[in-house]
Amino acid sequence: MRKVLLAGSTNPWLRNRATRTAFVRRSVSRFMPGEQIDDAIRAAAELKPRGITTILTKLGENLTAVEEAEEVTLHYLDVLDRIATAGLDAEISVKPTQLGLDLDRALCERNLDRLIARAEQRNNFIWIDMEGSPYVDPTLDLFRRTRAKTARIGIALQAYLYRTEKDVESLVPLGARIRIVKGAYLEPSEVAFPRKGDVDANYFKLCTRLLAPDARKPGALLHIATHDIPLAGRLAAYIAQQNMPSSAYEFAMLYGIQRGQQMRLASEGRRLRVLISYGEYWFPWYMRRLAERPANVWFVVRTMFG
Ligand SMILES: Cc1cc2nc3c(=O)[nH]c(=O)nc-3n(C[C@H](O)[C@H](O)[C@H](O)COP(=O)(O)OP(=O)(O)OC[C@H]3O[C@@H](n4cnc5c(N)ncnc54)[C@H](O)[C@@H]3O)c2cc1C
């Protein structure tokens with residue numbers, strides 16, 4: 001089921017049909033407060049009184065024209081301004097391919113530099129998402145290059161990839177902000193652990209490595225980005241056992257997923273950041289969310305019948 005849904009996520013015919021279908025649009029609203037930035041800002045403002053901070057991300061990937069990358073960059077520059085005006089503790093997360101990585105690497109770097117410059121002005125922070133495995137090297141290059149100039153940059157790394165352990169090790173000396181995720185793309189067994197048990201074990205290992213004393217440098221922060229409650233619980237127990245300061249880590253989850261757990265973490269006073277997605281190009285992202293939990297497909301079917 002996971003493979004079928006992930007293969008469907010890149011199918012243009014399916015995308016065209018699904019995004020025009022009312023019941024699919026209705027079921028998407030569970031994970032996305034709306035298609036516009038105003039919807040995301042409103043959702044972030046609603047979470048603020050509960051002590052939940054946010055990350056905003058505009059959906060879209062693999063652009064085909066330089067003009068689109070410019071549009072995305074201008075959009076995010078405006079988002080950084082809007083966040084400041086709204087007085088929110090909200091960061092932004094961008095996909096390198098949204099900034100033009102596939103089209104022209106130098107252009108992508110320039111666009112990221114523009115966002116970093118605005119983040120400096122607005123006292124904000126930029127995350128780089130990790131996309132499919134062919135993008136890992138260029139994304140790490142982009143991150144390292146930017147991290148050499150500023151601490152206002154963080155990167156997502158995927159626990160399902162065999163290589164991530166080495167990548168983490170290479171980033172430890174930088175004192176980087178790192179978001180550990182399990183990984184959302186369809187990857188072959190040559191590059192990624194096929195079994196969930198192995199991914200979970202690697203997730204725990206990567207997080208504990210990033211919490212080790214030599215990794216806790218100024219500017220370092222671990223984002224424990226998972227909805228896996230037992231795994232997050234094991235990490236929380238490890239953190240308590242090690243007497244770790246709360247400044248060393250944050251939990252992170254996606255808007256609309258495990259809401260109960262989100263409220264529980266917030267009411268316990270844990271640092272939690274919720275990633276809010278918005279935008280019109282939601283189909284591949286939505287299919288990845290369905291693939292993460294096939295039970296969601298039944299939710300879609302139920303929505304179909306009202
Ligand atoms: C803040 C954040 C940022 C992310 N950034 C990236 C990124 O840059 N690159 C990338 O590849 N991936 C990213 N992801 C997605 C990630 O890789 C996983 O695909 C996703 O988080 C599901 O894995 P899990 O850790 O929650 O564990 P899983 O083992 O998949 O899920 C654990 C449990 O959580 C619940 N759950 C998980 N997903 C869903 C869902 N969609 N709907 C309902 N319940 C669900 C279910 O109860 C499930 O049993 C990000 C995730 C988060 C939270």
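None of these values were measured; they are calculated from a predicted model. Order of listing sets the numbers, starting from 1, for every ligand and every atom in it.
Other residues, nucleotides and ligands contribute more than 12 heavy atoms inside 6.0 Å of the CZ atom of R2.
Not counting sequence neighbours, the partners of F193 by the ring-ring contact (aromatic ring centres under 6.0 Å, His included) test are Y162.
Between the side chains of D129 and S93, at least one donor-acceptor pair of N or O atoms lies under 3.5 Å.
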Give every pair formed by an N or O atom of ligand 1 and a protein N or O atom closer than 3.5 Å, one pair per line with both atom names and the distance to 0.1 Å, or write none.
| unit_1 | atom_1 | unit_2 | atom_2 | d |
| --- | --- | --- | --- | --- |
| ligand 1 | 5 (N) | R179 | NH1 | 3.0 |
| ligand 1 | 8 (O) | M130 | N | 3.0 |
| ligand 1 | 8 (O) | R179 | NH1 | 3.3 |
| ligand 1 | 9 (N) | M130 | O | 2.8 |
| ligand 1 | 11 (O) | Q158 | NE2 | 2.9 |
| ligand 1 | 11 (O) | A184 | N | 3.0 |
| ligand 1 | 17 (O) | G183 | N | 2.7 |
| ligand 1 | 19 (O) | E292 | OE2 | 2.6 |
| ligand 1 | 25 (O) | T226 | OG1 | 2.6 |
| ligand 1 | 26 (O) | H227 | N | 2.9 |
| ligand 1 | 26 (O) | H227 | ND1 | 2.8 |
| ligand 1 | 27 (O) | K182 | NZ | 3.2 |
| ligand 1 | 29 (O) | K182 | NZ | 2.7 |
| ligand 1 | 29 (O) | K196 | NZ | 3.0 |
| ligand 1 | 34 (O) | H227 | O | 3.2 |
| ligand 1 | 38 (N) | E292 | OE1 | 3.4 |
| ligand 1 | 41 (N) | R289 | O | 2.9 |
| ligand 1 | 41 (N) | E292 | OE1 | 3.0 |
| ligand 1 | 41 (N) | N296 | ND2 | 3.4 |
| ligand 1 | 42 (N) | N296 | ND2 | 2.7 |
| ligand 1 | 47 (O) | Q258 | NE2 | 3.4 |

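In this structure, D200 does not pair ionically with R195, as no charged nitrogen and carboxylate oxygen lie closer than 4.0 Å.
Closest of all the heavy-atom pairs between T73 and L115 is O-CD2, 3.7 Å.
Under the 4.5 Å side-chain heavy-atom criterion for ILVMFWY residues, no single connected hydrophobic cluster contains both Y249 and V181.
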